[in-house]
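Fair warning: this is a prediction, and the values are worked out from it, not measured in the lab.
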Amino acid sequence: MVDRASRLGGRIHPVLRDSLGNLVRAMNCYYSNLIEGHDTHPIDIDRALKGDYANDAKRRNLQIEAQAHIDVQRLIDEGADQHPSPSNSGFGSPGVLQQTSR
């Protein structure tokens, strides 16, 4: 199954592949947060990805959480850490933390 998915991924135009990846990450974030009881509306997630945060502290905090969720998922998707266990992960490094806090 992974092999078939890889072959399909190689046939999709890079712009479309990146757009689909961004959409799926945002959808995954929305549903994952909803399951956890964090009701971040899709429009708020989209605004956070554009750096447009709400004035309301609760909504803004949910947006920041969503942004971090998506940033980490993007790093994983891009293979930024081939061994993502907590003991050897680069996700806690200052560079990654700075990147995800933008």
A.B. asks: Could you tell me the separation between the CZ atom of Arg59 and the CD1 atom of Ile64, rounded to the nearest 0.5 Å?
C.D. replies: 12.5 Å
A.B. asks: For the pair Arg60 (side chain) and Ala54 (backbone), establish whether a donor and an acceptor sit closer than 3.5 Å, ignoring hydrogens and angles.
C.D. replies: yes
A.B. asks: Got a salt bridge between Lys50 and Asp46, using NZ or NE/NH1/NH2 to carboxylate O under 4.0 Å?
C.D. replies: yes
A.B. asks: For residues 19-34, tabulate all N or O donor-acceptor pairs below 3.5 Å that involve a side-chain atom, not counting sequence neighbours.
C.D. replies:
unit_1 : atom_1 : unit_2 : atom_2 : d
Ser19  : OG     : Val15  : O      : 3.0
Asn22  : OD1    : Arg25  : NH2    : 2.7
Asn22  : ND2    : Asp18  : O      : 3.3
Arg25  : NH1    : Asp77  : OD2    : 2.7

A.B. asks: When rounded to the nearest 0.5 angstrom, what distance separates CZ in Arg47 from OG1 in Thr40?
C.D. replies: 13.5 Å
A.B. asks: Quick check on side-chain hydrogen bond (donor to acceptor under 3.5 Å, both in side chains): which of Gln73, His69, Gln67 does Asp71 satisfy it with?
C.D. replies: Gln67
A.B. asks: Is the shortest side-chain heavy-atom distance between Asp44 and His41 below 4.5 Å?
C.D. replies: yes
A.B. asks: If you take all heavy atoms of Leu62 and His38, which pair is closest and at what distance?
C.D. replies: CD2-CB, 3.7 Å
